[in-house]
Novice: 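Structure incoming, see below.
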Amino acid sequence: MTWSEMRPLLEQASWDTFYMVGWSAAIAVAAGLPLGIVLVLTDRGGLLSNSLVNKVLGQIVNITRSMPFIILMVALLPFTKAVAGTTIGREGAIVPLAISAIPFFARLVETSVREVDGGLVEAVQSMGGSTWTVVRKVLVPESLPSLIAGATTTVVALIGYSAMAGAVGAGGLGDIATRYGYLRFETELMWITVAILAVVISLIQFAGDYAARSLHRRGRGSTAPRLRLLKASPSPKSAEPLTGGPAKTS
Amino acid sequence: MITTTGLTKVYRSRGREITALDGVDLHVGEGEVYGVIGQSGAGKSSLIRCVNLLERPTSGTVTVDGQDLTALAGRGPRAGKELRAARSRIGMVFQHFNLLSTRTVQDNVELPLEILGHSGRARSRKALELLDLVGLADKARAYPSQLSGGQKQRVGIARALAGDPKVLLSDEATSALDPETTRSILQLLRDLNRSLGLTVLLITHEMDVVKTVCDSAALMADGRIVESGTVSELLATPGSELAAALFPVSGDASDPGRTVVDVTFHGDAATRPVISQLSRTYNIDISILGAAMDTVGGRQIGRMRIELPGRFEENVVPIGFLREQGLQVEVADRAAPTVADRAAPAVADCAAPIVKEGAK
């Protein structure tokens, strides 16, 4: 296979992946965020403590998460048909991708929101804030860096799942790698696809980490020590006093 | 201003019942700084949380500024609109400040105003005004993490005042601060109490806090109020644990043949040189074993433990003189004079309970 043959394939596949992952991630965040918050609020001792609702939702989340994606996709066929009007192609893949990512993200949201200091909730209650105020002014803003990190993880996981969307003819990079690279022994194309995926995932992770960290920094102040795994990108405004940075000299 | 009657709070967890509050009757007058003191687990936190119904009392009523909050609470765990409106008129400051880390100082102070639905301009004007009041006008744009503990608590106080409350609840507000900062925060509370006519209910485990700012105090133990009253009332109460703890005196008799007397100074008597008068009038040598004096509300107040030569029987007249001067006098080991007569170590034993209270 020559590059001129590969190029249109790769372009189409990249676009398909972007389209599927973009939509399903948007749906997953839109639905997973409230679901995760409801899981926290209805938990025992929560603001809307309701063990029945909590257990039912928790079980639904667990069951959905325990299903292998390919099985889930088949099981959802009638639902997909009803929602998207088709069970094949990119639109047909978005529904199962979103459905599998919602509980995944919801659990991440639950963990993040649980980390928020209960004292802040109490403070807002003492000012006369309602539960909705607590969610809007405390739980979401205070856990935002962690929520962004969770959303990043969800997007990366969705890119992985989207490889299986080829089973319903949705295309995408993973599908190209399987069909051309693996089944037709186009090793070169397979590696190129893998390389593209690696770069894309690195970029998403980097962007997510950057966003989470800059929010975190704003909140916690510049004095808090940060764990630096990469030596890259020294902060442009690192004009801290000399006593500030023993960690930075490494 | 704040009245609780028969306030009871029982926590149930895994079939076990823990009574945190056991019929608490508290009355805080308007414009008063009222301190509730007690050890950890005495029920102080539950009490203050019941006052704005962050905790639902199991039974009893809470009335703040003439409004029965327990009647507003409804049955469910959620706070209804009326209760939330009532809460917004009660300020609260916390031990760990509870400031939102993602908001600037000014935005933190604006938060209660956002909840009240004030417009953006009115909010920022009020917030800056309050920050000025607590002496942090220059920190409006800073984030809480850039502030020291004392500054954070000032922001907490400014935030608590945003809704123009008549009542301020302080939940161990100075317990996470160093002594110097504690003093400045207490001074601020005192100033606000005077300038705004703010009624302050504070809970603490530090006697110093009560001594520094409180007009009245209550001692809690095992979910009950053991003693309560104004600081001078408490001092005037013979055998008051709180008075003994506020003004601890200790020291044992140097000889079994001598009399140890605790003298409590309050009111006008505190300013007169009674001890030297006593010494001169009866020509006796007085040794001071211990003393705790303080200025509360501009007046000298406190207790002193002195030793007079001779047994109690020989000192009836000098003790009478002290009583005549308007001082309250307790003879430390008179409760068991026979024991004192028998053996010296027993005297120390008798004095021990008073010493222990003082050490608390």
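Since the structure is predicted, the reported quantities are computational estimates derived from the model, not experimental observations. Here is the naming used below: chain letters follow the sequence lines, and residue numbers restart at 1 for every chain. As a basis for the values below, the full set of heavy atoms in this structure was taken, side chains included, without hydrogen atoms, waters or symmetry mates.
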Novice: Which atoms of B:Leu99 come close to chain A, meaning under 4.5 Å heavy atom to heavy atom: side chain ones, backbone ones, both, or neither?
Specialist: backbone
Novice: Given that the side chain runs from C-beta out, which part of A:Ser126 has a heavy atom under 4.5 Å from chain B: side chain, backbone, both or neither?
Specialist: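 Backbone plus side chain of A:Ser126, per the 4.5 Å heavy-atom cut-off to chain B.
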Novice: Which pair of heavy atoms, one from A:Ala28 and one from A:Ile102, lies closest together, and at what distance?
Specialist: CA-CG1, 3.7 Å
Novice: Could you tell me which non-hydrogen atom of B:Met92 sits nearest to which non-hydrogen atom of B:Leu54, and how far apart they are?
Specialist: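 The answer is SD-CD1, 3.9 Å.
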Novice: Any non-hydrogen side-chain atom of B:Thr174 less than 4.5 Å from a side-chain atom of B:Gln153?
Specialist: no
Novice: Search all heavy atoms of B:Val10 against all heavy atoms of B:Thr58 and return the closest pair with its distance.
Specialist: N-OG1, 2.7 Å
Novice: What are the two closest non-hydrogen atoms of B:Thr181 and B:Gly150, and how far apart are they?
Specialist: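 Shortest heavy-atom separation between B:Thr181 and B:Gly150 comes out as CG2-CA, 3.2 Å.
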Novice: Indicate whether the side chain of B:Tyr11 and that of B:Glu55 have a donor and an acceptor atom separated by less than 3.5 Å.
Specialist: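 Yes.
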Novice: Take a 6.0 Å sphere around CZ of A:Phe18 and say whether it holds more than 12 heavy atoms from other residues, nucleotides or ligands.
Specialist: no
Novice: Less than 4.5 Å apart, side chain to side chain, heavy atoms only: is that true for B:Thr61 and B:Thr4?
Specialist: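 Not touching, per the 4.5 Å side-chain cut-off.
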Novice: Decide whether A:Glu142 and B:Thr102 meet the rule of one side-chain donor and one side-chain acceptor closer than 3.5 Å.
Specialist: yes
Novice: Is B:Arg49 paired with B:Asp171 through a side-chain N to carboxylate O contact shorter than 4.0 Å?
Specialist: yes
Novice: Would you please go through residues 113-141 of chain B and name the residues with a non-hydrogen atom below 4.5 Å from one of chain A, in numerical order?
Specialist: B:Glu114, B:Ile115
Novice: With chain B, which of A:Ala123, A:Gly119, A:Gly128 has the greatest number of heavy-atom pairs at distances under 4.5 Å?
Specialist: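 Highest number of heavy-atom pairs under 4.5 Å: A:Gly128.
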Novice: Of all the residues in residues 58-65 of chain A, which have a heavy atom that comes within less than 4.5 Å of a heavy atom in chain B?
Specialist: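 If one takes a 4.5 Å heavy-atom cut-off, no residue of residues 58-65 of chain A lies near chain B.
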Novice: Could you list the residues that satisfy side-chain hydrogen bond (donor to acceptor under 3.5 Å, both in side chains) with B:Thr63, not counting sequence neighbours?
Specialist: none
Novice: Do B:Gln67 and B:Leu72 have side chains that get closer than 4.5 Å, going by heavy atoms?
Specialist: yes
Novice: Do the non-hydrogen side-chain atoms of B:Leu100 and B:Asp107 ever get within less than 4.5 Å of each other?
Specialist: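 Side-chain contact under 4.5 Å: no.
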Novice: To check you understand the geometry: which heavy-atom pair defines the closest contact between B:Arg159 and B:Pro112, and what is its length?
Specialist: O-CG, 3.5 Å
Novice: Sort by residue number and list every member of residues 109-118 of chain A having a non-hydrogen atom under 4.5 Å from chain B.
Specialist: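 A:Asp117 fall under the 4.5 Å cut-off.
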Novice: With a 4.5 Å limit on heavy-atom distance, are the side chains of B:Leu202 and B:Tyr34 in contact?
Specialist: no
Novice: Identify which part of A:Val124 has an atom lying under 4.5 Å from any heavy atom of chain B, answering side chain, backbone, both or neither.
Specialist: both
